Amino acid sequence: MRPVVALLSDFGTQDYYVGAMKGAVLAAAPDAQLVDIAHELPPHDVRAGALALEGAYTAFPAGAVFLAVVDPGVGSARRAMALEAGGYRFVGPDNGLFSLILARHPDSVAHEITNAGLFRHEVSSTFHGRDVFAPVAGRLAQGMPVTEVGPRFADPVVFALAEAQAVGDSVWEAPVLHVDGFGNLVTAFTARDVASILAGSGGDPNGIVVVVESVVMPFVRAYADVAAGQPCALLGSGGRLEVAVHRGAAGRVLGAAPGTPVRVRRL
Amino acid sequence: MRPVVALLSDFGTQDYYVGAMKGAVLAAAPDAQLVDIAHELPPHDVRAGALALEGAYTAFPAGAVFLAVVDPGVGSARRAMALEAGGYRFVGPDNGLFSLILARHPDSVAHEITNAGLFRHEVSSTFHGRDVFAPVAGRLAQGMPVTEVGPRFADPVVFALAEAQAVGDSVWEAPVLHVDGFGNLVTAFTARDVASILAGSGGDPNGIVVVVESVVMPFVRAYADVAAGQPCALLGSGGRLEVAVHRGAAGRVLGAAPGTPVRVRRL
Amino acid sequence: MRPVVALLSDFGTQDYYVGAMKGAVLAAAPDAQLVDIAHELPPHDVRAGALALEGAYTAFPAGAVFLAVVDPGVGSARRAMALEAGGYRFVGPDNGLFSLILARHPDSVAHEITNAGLFRHEVSSTFHGRDVFAPVAGRLAQGMPVTEVGPRFADPVVFALAEAQAVGDSVWEAPVLHVDGFGNLVTAFTARDVASILAGSGGDPNGIVVVVESVVMPFVRAYADVAAGQPCALLGSGGRLEVAVHRGAAGRVLGAAPGTPVRVRRL
């Protein structure tokens, strides 16, 4: 079985940077199966990177290595790290990019990448994606134990993600975290939050509604449960409550953006 | 030889969706050769997807599996299907996405995907690309017979594509179907239409002209047969008459868009 | 070890063209490892293609084949070529696309591609990327000697790239060549130019400053050596002097674009 290396960055696709990073992975792991997650994250947006990783990683076969480079802070005191979590390995800067992975896997093991013997022959001071992270990801994919990259450390950087809050009698609120390419709103309500709210209405999906910018919409199972052009809320494929407009763009229709408050109301 | 899985969708590239779908293919077919056809189709545009498939599929080695997901209508009555046609396999929603493949291969065999044993362990109600279509495509790539996915059916959805029409004495008309990234106009005239019109002028390419928005242009063999900035018509690589401006963007120069009528006139 | 084929083009990603070209590589080399360098180059921009190749190629393992198609001039007298240089192979049009590779490897060997037995069964007059260049790249990746493609020739097309010039006492000038997706300015100053200027100040990086549109900035080692929002100059990962704004977009902040003059001043 070929080792999988999945790549995530904010490098964009109009330059050669992603290609060079992949070349460097292949120089270390000629047989690797390379898969792009996304490279058009907003520049330096570590939270967007953390959300994309959270959404994607469980779809990959066990053992996959995730090479994620967003805002590595080359030349600063920022650590480079490799993480073992949930049967996967993650390689990238220690800047919070792995916050949501760490939150889901409290038994994660983080190592600082310090073993310069693993790096590209010549390490630039601007492109550690190619010169440091890619060769390390390639070696891990080839079977190198994570202990080889450098010493274990206990305090990887973690950012706090907005969480759902009770804001009244049977009303909860959480912000939009991300508007996807279809215009769907990914919210901070987790599947667990929704399950807990639903439990209070006997598990009946009709027992709750979702409100965004004064628009009240039903909580449904699939987009097709409402007519084209109608808004709805549902559990998205990434494990969070999403707000959508069937065959439309909820972000535009509802005037919503990251930060817009979303409310769940128990009837 | 590694099995090829070629992917087409309207998922865009700024989100993790294509990456997650690929991860799910690899979970079923670790050795698959993954190839992107395009993921930036206009959202829900089944016709654009059908045209892209038509243009691309014959370039692939026999046996390739095409995983195509545009407007799957999750939660609706829309069927999921697998198709054997022309020595290839196609997996996706039964919504007309395979219309042009079916038209070229009348002996195609379609099966409804109903065998839940093939699906991802947990099937979401929003992302069948990852949870249903990808695992099935992976299994087919690994050699599973298409009969395993579910029962054969006889009436896959097919949309009617605009066709060339005679509109006067020695004049034929058909609309622009697609404007590509270079600004070239892909028309509904097929290579067969053009051959048939040319036959009436003794096969002489100088015996016909093409007219778009009152601009008359020659029918040539290659872009370089006209000067830079000049319009021309030619047989495009996808098997349809195309209108181009040499080193320019015909769509912008001629003010043309999908639906704009194009005429071929025999002199 | 699987043969690597790295792809570069101006085809964009909204059409099926890159996918079809990859399919044609796989038809010749089923086991190839396909890697995208970039496909969103400005249409017909051969210089942008040459710069992207220059930046990317050394990251790849020896033996990699680069399939680069920008402005092939199908139907014109333009030659198709295959090049051996620096332990790599390059396939594409003879239009200057390999100028910077040729400049770095004076012992390169160029062959015109004339052996029609290697081409796709049916060669279109618009898409030699799929029908000529891809099958040849695939065969080379499979181990075919470059001598098989056609006769050697001695005069591949080379364009002259702007070079740094002394413009006064201890002042050198060269233009911006490219603004990358982060807004960084890639200049025509090479690492060698900078080393030579630095030698005159005893190798002290503080002995020089860089000036763009009247803004004076330090020459540093890494972006993080200046505060967020501050401009700096440094040696970029592609081997050229770059101008950046830490966590900002230098192109926008400084009002610079390709052609904008950049000066290095020895203090």
Side-chain angles (χ1 to χ4, degrees), chain A residues 1-4 6-8 10 12-13 31 33-42 45 48-49 51-64 66 88 178-184 186 191 220-226 228 232 234-239 242 244 246-249, chain B residues 2-3 5 7 9-36 39-46 69-78 93 95 120-135 138 142:
Chain A
M1 178 173 152
R2 298 171 57 209
V4 174
L7 300 98
L8 177 78
D10 63 348
T13 55
D31 215 42
Q33 175 80 264
L34 302 175
V35 183
D36 295 307
I37 299 176
H39 296 290
E40 292 171 342
L41 299 173
D45 190 336
L51 279 168
L53 265 184
E54 180 193 53
Y57 82 109
T58 57
F60 284 81
F66 294 86
Y88 301 102
H178 174 66
V179 181
D180 78 10
F182 290 101
N184 298 327
V186 180
V220 299
R221 205 172 150 274
Y223 306 126
D225 290 342
V226 296
C232 62
L234 39 60
L235 276 184
S237 61
E242 290 187 16
H246 188 203
R247 290 168 186 276
Chain B
R2 298 171 55 209
V5 178
L7 301 98
S9 78
D10 63 348
F11 296 171
T13 54
Q14 80 260 54
D15 293 302
Y16 66 84
Y17 304 141
V18 173
M21 188 162 70
K22 288 180 177 173
V25 172
L26 294 178
D31 215 43
Q33 175 80 267
L34 303 175
V35 182
D36 295 308
H39 296 291
E40 291 170 343
L41 298 173
H44 314 302
D45 190 335
V46 173
V69 186
V70 180
D71 196 23
V74 176
S76 74
R78 185 161 294 163
N95 62 0
R120 196 160 174 256
H121 53 86
E122 200 180 344
V123 176
S124 75
S125 55
T126 58
F127 195 4
H128 284 189
R130 178 191 66 188
D131 300 339
V132 171
F133 296 117
Q142 293 290 80

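If you're wondering where the values come from, they're calculated on a predicted model, not measured in any experiment. Every chain is numbered from 1, with letters handed out A, B, ... down the list of sequences. Keep in mind that the numbers below use all heavy atoms, side chains included, and drop hydrogens, waters and symmetry copies.
- Considering every non-hydrogen atom in both A/Ala224 and B/Gly75, the closest pair reads CB-C, 3.8 Å.
- The candidate from B/Gly19, B/Gly73, B/Ala24, B/Ala28 with the greatest count of non-hydrogen atom pairs under 4.5 Å with chain A is B/Gly19.
- Note: A/Asp180 leads A/Val35, A/Asp180, A/Leu234, A/Asp225 in heavy-atom pairs under 4.5 Å with chain B.
- Looking at A/Leu235, the atoms closer than 4.5 Å to chain B (heavy atoms on both sides) all sit in the backbone: N, CA, C or O.
- Within the 4.5 angstrom heavy-atom criterion, atoms from both the backbone and the side chain of A/Ala52 approach chain B.
- Partners of B/Phe127 by ring pair (Phe, Tyr, Trp, His ring centres under 6.0 Å), not counting sequence neighbours, listed by chain and number: B/Phe11, B/Tyr17.
- Only the side chain of A/His178 comes within contact range of chain B, with at least one heavy atom under 4.5 Å from a heavy atom of that chain.
- In terms of heavy-atom pairs under 4.5 angstrom with chain A, the leader among B/Leu26, B/Val18, B/Asp131, B/Leu34 is B/Leu26.
- For the pair B/Val74 and A/Tyr223, the minimum side-chain heavy-atom distance is 4.5 Å or more.
- Ranked by non-hydrogen atom pairs under 4.5 Å with chain B, the options A/Gly55, A/Ala38, A/Ala64, A/Gly238 are led by A/Gly55.
- For A/Thr58, the parts lying under 4.5 angstrom from a heavy atom of chain B are both the backbone and the side chain.
- Counting non-hydrogen atoms of neighbouring residues, nucleotides and ligands closer than 6.0 angstrom, the CZ atom of A/Arg221 reaches no more than 12 such neighbours.
- Identified under the salt bridge (Lys or Arg N to Asp or Glu O under 4.0 Å) test for residues 54-63 of chain A, with sequence neighbours left out: A/Glu54-A/Arg104, A/Glu54-A/Arg240.
- A distance of 10.5 Å separates OG of A/Ser237 from NE2 of B/His128, quoted to the nearest 0.5 Å.
- Between the side chain of A/Gln33 and the backbone N or O of B/Ala32, at least one donor-acceptor pair lies under 3.5 Å.
- Considering NZ of B/Lys22 and CZ of A/Phe60, their distance stands at 8.5 Å, rounded to 0.5 Å.
- With a 4.5 angstrom heavy-atom cutoff, B/Ser125 touches chain A via backbone and side-chain atoms both.
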Stepwise side-chain contact (heavy atoms from CB on, under 4.5 Å) test for B/Thr126 and A/Glu242 = CA-CA 10 Å; B/Thr126 58; A/Glu242 290 187 16; 5.8 Å; no

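- Annotation for B/Ala20 and A/Ala59: closest pair O-CB, 3.3 Å, computed over non-hydrogen atoms.
- B/Tyr16 pairs with exactly one of A/Ile37, A/Leu41, A/Leu51 by the side chain to side chain contact (heavy atoms under 4.5 Å, CB included) rule, that one being A/Ile37.
- A distance of 7.5 Å separates CG in B/Asp36 from CG in A/Asp36, rounded to the nearest 0.5 Å.
- Considering every non-hydrogen atom in both B/Gln14 and A/Glu40, the closest pair reads N-OE1, 4.0 Å.
- If you measure heavy-atom distances from B/Asp10 to chain A, the contacts under 4.5 Å come from both the backbone and the side chain.
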